[in-house]
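Contents: one structure, followed by commentary.
Position 1 is the first residue of the sequence, and the numbers go up from there.
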Amino acid sequence: MRSWKTILIMLSIATALLLPSAAFAAKKYQVTGKVIALDDKLITVQKPDDEKWEIERTAATTVTGTLKIGEKVTIEYKMIADNIEVKKTK
């Protein structure tokens, strides 16, 4: 059996490797509303205040239940920058 010291060292290394990736993970947000449009790549949700949100989805997007137009859904998403252009200030 491995000594407690070895187990403690292994746990410390595993924690040190996992914490930085968790600390830099994009924050999750959510939106709830009624599905008004739907295809393989995009879902459009109308919030109760009539604001419409279009959210991209991929084959990796998990869906719990039957997704169809008219259903009320809650979507979790992350905001990740694709491109940043710095403008010169005057």
Side-chain angles (χ1 to χ4, degrees):
M1 183 173 172
R2 293 186 175 150
S3 70
W4 284 104
K5 197 177 207 180
T6 304
I7 293 172
L8 185 59
I9 289 170
M10 289 175 20
L11 284 173
S12 297
I13 291 170
T15 302
L17 292 173
L18 293 176
L19 278 180
S21 62
F24 294 113
K27 182 177 175 182
K28 283 189 179 181
Y29 299 90
Q30 71 179 30
V31 61
T32 299
K34 185 171 103 176
V35 177
I36 59 171
L38 179 65
D39 65 31
D40 291 341
K41 297 182 182 185
L42 190 71
I43 181 169
T44 306
V45 175
Q46 185 170 8
K47 293 175 45 177
D49 62 1
D50 289 333
E51 185 177 8
K52 295 177 184 169
W53 285 46
E54 291 183 338
I55 300 174
E56 184 179 346
R57 64 188 193 130
T58 66
T61 302
T62 58
V63 178
T64 304
T66 304
L67 183 59
K68 61 185 180 183
I69 294 175
E71 292 294 328
K72 182 178 179 182
V73 296
T74 297
I75 299 172
E76 290 183 350
Y77 63 95
K78 298 176 186 176
M79 286 196 249
I80 301 172
D82 287 329
N83 184 31
I84 299 173
E85 182 179 340
V86 178
K87 304 285 186 173
K88 295 200 178 222
T89 56
K90 295 180 181 180

Evaluate the side-chain proximity of K34 to K72: yes if any heavy-atom separation is below 4.5 Å, no if none is. no
Considering residues, nucleotides and ligands other than E56, do more than 12 of their heavy atoms fall under 6.0 Å from its CD? no
Surrounding CG of D82 (heavy atoms of other residues, nucleotides or ligands, distance under 6.0 Å), is the total greater than 12? no
For residues D39 and L42, report the shortest heavy-atom separation together with the two atoms involved. OD1-N, 2.7 Å
If you compare all heavy atoms of T32 against all heavy atoms of P48, which two are closest, and at what distance to 0.1 Å? O-CD, 3.9 Å
With the threshold set at 4.0 Å, does a side-chain nitrogen-carboxylate oxygen contact exist between K52 and E54? no
Pairs satisfying ring-ring contact (aromatic ring centres under 6.0 Å, His included), at least one member in residues 39-79, at least two apart: Y29-Y77, W53-Y77
Going through the checks in order, is the side chain to side chain contact (heavy atoms under 4.5 Å, CB included) test met by R57 and L38? CA-CA 10 Å; R57 64 188 193 130; L38 179 65; 3.6 Å; yes
For a quick test of your reading: what N or O donor-acceptor pairs under 3.5 Å do the side chains of residues 63-70 make, sequence neighbours left out?
none

Taking atom CG of D40 and atom OG1 of T58, what is their separation to the nearest 0.5 Å? 11.0 Å
